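Notes to accompany the following structure.
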Amino acid sequence: MHLKEFEELVIESEKMVFNLAYRMTGNIEDAKDISQEAFIKAYKNIDKFNKESKFSTWVCSILKNTAIDFLRKKTSNLKKQEKLLNENTKEKYTPDIQEEFEKKETSIFVQKAIEELPINYREIIILRDIQSQSYEEISKILDLSLGTVKSRLNRGRGILKDILIKRRDKLE
Amino acid sequence: MNKCENIKLKFADYFDDLINKEDKEEIENHINQCESCKKEFQELSFLLDSLSNLEEIELPEGYHIDLMKRIEELSEDKVKKFFKKKIIPFKKEILIIAAMLMLVIGMPNFEKIIKQKNNLKLNSQVSNLEFVDSNFIAREKYDVGIESNNFMKEYQDISNYISLKNIGKLTSVEVENDYKAAYLEVKINKNDTKKFLNVLRKNYLVKRVNINKRGVLKEEQDYEKNLKIIIKKENKWLNLQKESSNIEEKMEIQNQLDILTLQKQELENRINNLKEEKQYSYFYIEVKQKEGVFKFLEKTFQKILENSLKILELIPYLVISICIFFMINKFKKRHK
């Protein structure tokens, strides 16, 4: 595929892909890295792209895998850091929830709650409830049946609700 | 208890609007009676609201440029690998000589390229006319070459023809400083374009040049998108107005609605204008003095002569550079 053709596809989908990455990671720098990685992977494997399906759907499915890899590495690093902290100071790591609330930015509050979700549920809730994509598109991106998408979405919503309530209680 | 579970299972469909009337009523009735389900329902609706209210984030600065750079480097890497595989077996010296030769031979061409670029600049200054007015939509461009010294008469003929037959309008005329060419912008009713072109073809040499058609369509799409957004907002406000009982609040909402209707009208006007514009075909006509055959031959012959002379001038440089190259090589061998 010609570079210009590819650029047109990128322009159409980059904002959405970047937003998905941001909601997955909660960090603009990481989101930039991951989403660009996904586009580069897409460019390398452009011959595998089925032209009947949407380009954004395809890139999202690539993004999903890169994001999972990335998050796995990051969490393992975090755990190591936490271990070190615990060994050194024997104090528990306290998240700065209070600060967030003082900023009164509920969007950050919700975003942090999303980050606590397990990846399986996180991706599905971002795609459906934030980006409001259709169930069919989501089942293509995640390579799941419609039934699993729906049931997983329901469970994810339940878990997220619990997380939000817990965080609210902590604040009060 | 069983009923509560059943009802809760239907909540998701309720919020997706994938539910029939009976089920909807059933849920609403049940919620009014059962506290725990009501609580669950409210929590879920709050959650979905706050999720869908999360704003879309703008791309960070330079995101697109960065990304395209990285992708471009990728494709360049492919080219580099290809060359590494194929060319490494040759000796470096051969490569250097080849490069020098290319440089020396390329020199006259290089000048030519610079000249061409300058010409292009001139041309683009002239053809800026096509896009001076953003309302002007150039769909097709026609070059009209005329074999006569008195071209001013010709372009008057064209404009007269248009006004007499009442098939369109001359929107702008530009004449070059030295009176060697004129540029006309003409809009012709779509039904009459064939006739007009036939007349042009009969009398003059007409060459067709396509100009991209995308600008117009995109503009129209943008307008329509904005219109949709405004209508959505309007509906939201209208609903709010129905619900609210406070008079002050109502006044404020009315204000907002007034602003929206103004915006709507403007957009609709613009869309209508574009639709009107679409009824016309737009032509960009260059009326130029054509060169005779003999003059043309003379000029090309002169050019060939000039260029060959330049190559002769460059031969000493070539000899000198080759000498320097061999001297360096000898110098290296001695030191080894």
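To find a chain, count down the sequence lines: A is the first, B the second, and so on, and within it residues start at 1. Quick caveat: nothing in here was measured; it's all calculated off a predicted structure.
Residues passing the salt bridge (charged side-chain N to carboxylate O under 4.0 Å, His left out) test with B:Glu266, sequence neighbours excluded: B:Arg270.
Considering only heavy-atom pairs separated by less than 4.5 Å from chain B, the leading option among A:Met16, A:Lys150, A:Arg23 is A:Arg23.
Using a 4.5 Å cut-off between heavy atoms, B:Ile71 contacts chain A through both its backbone and its side chain. For a residue to count as touching a neighbouring chain, one of its non-hydrogen atoms must lie under 4.5 Å from one of that chain's; by this rule A:Ile125 touches chain B with the side chain only. For A:Ile126, no part lies under 4.5 angstrom from a heavy atom of chain B.
Pairing each heavy atom of B:Pro60 with each of A:Ile28, the nearest pair is CG-CG2, 4.3 Å. Looking at every heavy atom in both residues, A:Tyr121 comes nearest to A:Arg155 through OH-NH1, 3.4 Å. A:Leu144 and A:Val149 get closest at one heavy-atom pair: CB-CG2, 4.1 Å.
The pair A:Lys15-B:Glu58 meets the salt-bridge criterion, since a charged nitrogen lies less than 4.0 angstrom from a carboxylate oxygen. The existence of a salt bridge linking A:Glu116 and A:Arg122 is excluded, since no basic side-chain nitrogen approaches an acidic carboxylate oxygen closer than 4.0 Å.
Between B:Lys264 and the choices B:Ile259, B:Ile231, B:Asn226, the side-chain contact (heavy atoms from CB on, under 4.5 Å) rule is met once, by B:Ile231.
Close approach to chain B, defined as a heavy atom under 4.5 Å from one of its heavy atoms, is seen in A:Arg128, A:Asp129, A:Ile130, A:Tyr135 of residues 128-140 of chain A, taken by number. The stretch residues 34-43 of chain B places B:Glu40, B:Glu43 near chain A, each with some heavy atom under 4.5 Å from a heavy atom of that chain.
Atom NZ of B:Lys233 has 12 or fewer heavy atoms from other residues, nucleotides or ligands within 6.0 Å.
Residue pairs meeting the ring-ring contact (aromatic ring centres under 6.0 Å, His included) criterion with at least one partner in residues 48-76 of chain B, sequence neighbours excluded, are A:Phe18-B:Tyr63.
For A:Tyr22 and B:Glu56, the side-chain atoms include no donor-acceptor pair closer than 3.5 Å.
In this pair, A:Phe39 and A:Phe55 present their aromatic rings parallel. The plane angle is below 30°, not in the 30 to 60° band.
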